[in-house]
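A short worksheet on the structure shown next.
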Amino acid sequence: MGPDFFARHPAAVARDLIGARLLVAGVGGTIVETEAYDDEDPASHSFSGPTARNAAMFGPVGHAYVYRSYGVHWCLNLVCGETPGSAVLIRAIAPEHGIERMRARRGGVADRLLTSGPGRLCQALAVTREHDGLRLDRPPFELAQREAEPPIVVGSRIGLTKGVETPWRFGLKGSPFLSRPFPRAAG
DNA sequence: AGACTGATATTCT
DNA sequence: GAATATCAGTCTA
């Protein structure tokens, strides 16, 4: 997964990251939920141009963008796009490697809640501001593309007040580790 | 199930 | 000052 993978529209990258494996210092698992953001998107941190916080989003693709959310949690994004200012938010993974370390870091919550949310997974993988701007193809990161496309569900992004209608949230169908269910069409 | 609320840092107006 | 790409706890059903 080099620059060729990331130098595409963030929605395409977000979809293709479902089923990929993400590890940080050996702890992690399969990505099961992502969201795409780009610079023409009022919900994106990059919408109003570069700032100190979002500098990584305007740097080279294939690097991490980590920011603090609500003053309490960290959120991990993968910088991508054909032009500067796009990224994919990693919202949930399936906990598969280093589960004991995740349990210790997460303070004994149920296993289903170890990594099922952007703040939760950063706590479980110990992702902080120190990872902001780091390359994803070097330690401590380890990112491996999936082998075949799994069943994918699509929906609206979570927790936004702008850009709510843009269907740029992607999930692994049927995964028990989604941060929230995907509403299913009647029928 | 769902609704509400507090905690908390950084950014931008 | 106000807003924010969240989470855990607590309450009402």
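What's counted below: heavy atoms across the whole structure, side chains too, no hydrogens, waters or symmetry copies. Proteins come first, then strands; the chains are lettered A, B, ... in the order of their sequence lines, and each starts at number 1.
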**Asked** Is there side-chain contact between A:D38 and A:W168, with at least one heavy-atom pair below 4.5 Å?
**Response**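 Heavy-atom side-chain distance check passes, below 4.5 Å.
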**Message:** Using side-chain heavy atoms (C-beta onward) and a distance below 4.5 Å, is A:Q145 in contact with A:F5?
**Reply:**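 With C-beta onward as the side chain, the pair touches.
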Expressed as a whole number of angstroms, how long is the span from [X]:[atom1] to [N]:[atom2]?
| X | N | atom1 | atom2 | answer |
| --- | --- | --- | --- | --- |
| A:R91 | C:dA5 | CZ | P | 11 Å |
| A:N54 | C:dA5 | CG | P | 12 Å |
| A:Y70 | B:dC4 | OH | C1' | 14 Å |
| A:L121 | C:dT6 | CG | P | 12 Å |
| A:D132 | B:dA9 | CG | P | 18 Å |
| A:R112 | C:dA8 | CZ | C1' | 14 Å |
| A:R180 | C:dA5 | CZ | P | 14 Å |
| A:L114 | C:dA8 | CG | C1' | 15 Å |

Choosing from [options], which nucleotide comes nearest the side chain of [X]?
| X | options | value |
| --- | --- | --- |
| A:V109 | B:dT11, C:dC7, C:dA8 | C:dA8 |
| A:C75 | C:dT6, C:dT4, B:dT11 | C:dT6 |
| A:R68 | C:dA8, B:dA9, B:dT8 | B:dA9 |
| A:S44 | C:dA5, C:dT4, C:dA8 | C:dA5 |
| A:V72 | B:dA7, C:dA8, C:dA5 | B:dA7 |

Check the phosphate of [N] against [X], side-chain N and O only, distance under 4.0 Å to OP1 or OP2. Yes or no?
| X | N | result |
| --- | --- | --- |
| A:T161 | C:dT4 | yes |
| A:H45 | B:dT11 | no |
| A:T51 | B:dC12 | yes |
| A:R106 | C:dA8 | yes |

**Ring-base stacking, A:Y67 with C:dA5 (5.5 Å, 30° cut-offs)** =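 By the stated criterion, A:Y67 and C:dA5 do not stack.
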**Message:** With nearest nucleotide decided by heavy atoms, which residue, A:I158 or A:R120, maps closer to the 5′ end of DNA chain C?
**Reply:**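 Residue closer to the 5' terminus by nearest nucleotide: A:I158.
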**Message:** Would you compute the distance between atom CG of A:L125 and atom NE2 of A:H97 and round it to the nearest 0.5 angstrom?
**Reply:**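 That separation rounds to 11.5 Å.
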**Message:** Please determine whether a side-chain nitrogen of the Lys or Arg among A:E149 and A:R15 lies less than 4.0 Å from a carboxylate oxygen of the Asp or Glu.
**Reply:**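 Salt bridge: yes.
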**Request:** Name the pairing partner of B:dA9, where a pair is Watson-Crick or G-U wobble with both distances under 3.5 Å, or state none.
**Result:**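 Partner of B:dA9: C:dT4.
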**Asked** Who is the Watson-Crick or G-U wobble partner of B:dG2, with both distances under 3.5 Å?
**Response**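 Paired with C:dC11.
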**Request:** Kindly say whether A:S179 contributes a backbone atom to a donor-acceptor pair with the side chain of A:E33 at under 3.5 angstrom?
**Result:**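 Looks like yes, one N/O pair under 3.5 Å.
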**Asked** Centre of A:Y37's six-membered ring, under 6.0 Å away, within 45 degrees of the axis: is that where NZ or CZ of A:R157 sits?
**Response**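 Relative to the ring axis of A:Y37, which defines the angle, A:R157 lies inside both limits.
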